[in-house]
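I have placed the structure first, in the form of structure tokens, so that the comments after it can refer back to it.
In what follows, chains are A, B, ... by sequence order, proteins preceding strands, each numbered from 1.
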Amino acid sequence: MDVIIENLPLYWEGFLRTLFLSAVSGVIALVLGTLLAAARVSPVAALRGFSMVYVEVLRNTPLTIAFFFAAIVLPRLGVKFEQFEIAAIIALSTYTAAFIAEAVRSGVNSVPVGQAEAARSIGMGFGQVLSLIILPQALRTVIPPLINILIALVKNSSVAGAFFVLELFGYGRQLANANGDAVITVLLGTAFFYLLLTVPLGILASTVERKVAIAR
Amino acid sequence: MTTHVPGDALVSLNAVNKHYGQLHVLKDINLQVRKGEVVVVIGPSGSGKSTLCRAINRLETIEDGSISIDGKVLPEEGKELAQLRADVGMVFQSFNLFAHKTILENVTLGPIKVKGVNKATADKEAMALLERVGVGHQAPKLPAQLSGGQQQRVAIARALAMKPKVMLFDEPTSALDPEMINEVLDVMVQLAKEGMTMIVVTHEMGFARKAADRVVFMADGQIVEDATPEEFFTNPKSDRAKDFLSKLLTH
């Protein structure tokens, strides 16, 4: 126990980094994922194709590959960043966006087709139908899966620890190395701080789900 | 079939054809509807009458022929099509009210977002329309809190809010409980009396008799008869129509 209490500032530091990485990547992934889902249902074949290829590639390859790409391949292609954190955010958000796109797309498909027909018949264009009628209803139905994806994102952010970003897992590893006699305690402490992020997300999921349910 | 000159027509379908795979659902359809006319389309299920109705605002695409509204041929897609649709009110069998919007918002959304009407004006006009169809006091509720008949009347108000040139009704009472059919038909009869141009796909023969200027009878994707209600119901010419009417009357 002592090892956790002594190192609380470090844990806290790591916790905040993880929170930051997850929050920024989460917001970018939500926006990007929704745009990809919109592209997937758009009338433009090229957009549909792009979205499909993007989702299939990112969803079906390991996260570590996305990280290698962002941290090592991108700089070689001339995209330089000051900190590895940016690479971590790029990797996490592009990877997570693929899952979000699939969830939002399934939500879009769950909205009865008559809703879109009614919106079109009063003269709305594709963008209005999607943003005013379909997405608001779709997003409500996909809040539970979206939060699942965000929980996975919080946990996935630990991969950044292996790419020189000191977040919760990175600090946890340092502490474990430094305190060879208390590895189990250190890891339990690390897990506890992850739970501090993910459990409230789960609770939020069920609260929001109850609040925004739409009666049909 | 019709004696009207095409130039006179508000809605004009010329040699329209459509297939669903092998099935030829619309066969060489010619139909002219003049301003202020109420045309009721009847026929057995699968005769293509709903498809015809939906083709008029291009919710169904057609393969050849042309459809024009007020002299303008229906555009393929995009902005122009959206503009044209704003002039054509549509009422669906399953109401299709926006489930996440209140009754009032359902009616004001089109005027505000499509026509750029300001909110205060849109609200005022919407309330007047809701009062007119008898659901004014339901304005703050969500669609699911209303009965089917009330929802359908709201759907009519939503379409009217766009001040359409023509109203299309695609089996507006088919999904309703029997006791709610009349409240919707009453609104439609009133609308017909006020001179709205209407194309109504329905099984309600009473409405056809009461409000229609013309009855169009469809079977197997073709317009088989096009006559006044009087003529059609008392003296149908085709065997297909005689058969259809005899089946209706025996129950």
* Asked: For B:Ser94, does its backbone N or O pair with a side-chain atom of B:Gln152 as donor and acceptor, under 3.5 Å?
  -> no
* **With A:Phe68 via ring pair (Phe, Tyr, Trp, His ring centres under 6.0 Å) - residues at least two apart** => A:Phe163
* Structure fact -> Okay, A:Ala116 and chain B: the region with an atom under 4.5 Å from a heavy atom over there is neither
* Asked: For the side chain of B:Asp87 and the backbone of B:Lys165, is there at least one donor-acceptor N/O pair under 3.5 Å apart?
  -> no
* Structure fact -> The interface call for A:Glu117 against chain B, heavy-atom contacts under 4.5 Å, is both
* Region of B:Lys79 that comes under 4.5 Å of a non-hydrogen atom in chain A -> neither
* Asked: In terms of heavy-atom proximity below 4.5 Å to chain A, should B:Lys115 be classed as side chain, backbone, both, or neither?
  -> neither
* To do: With sequence neighbours left out, write down each residue that passes ring pair (Phe, Tyr, Trp, His ring centres under 6.0 Å) with A:Phe193, or none if nothing qualifies.
  => A:Tyr11, A:Phe15
* Would you check if the side chain of A:Ser106 reaches a backbone N or O of A:Ala103 as a donor-acceptor pair within less than 3.5 Å? => yes
* To do: Name the region of B:Phe92, side chain, backbone, both or neither, that has any atom closer than 4.5 Å to a heavy atom of chain A.
  => side chain
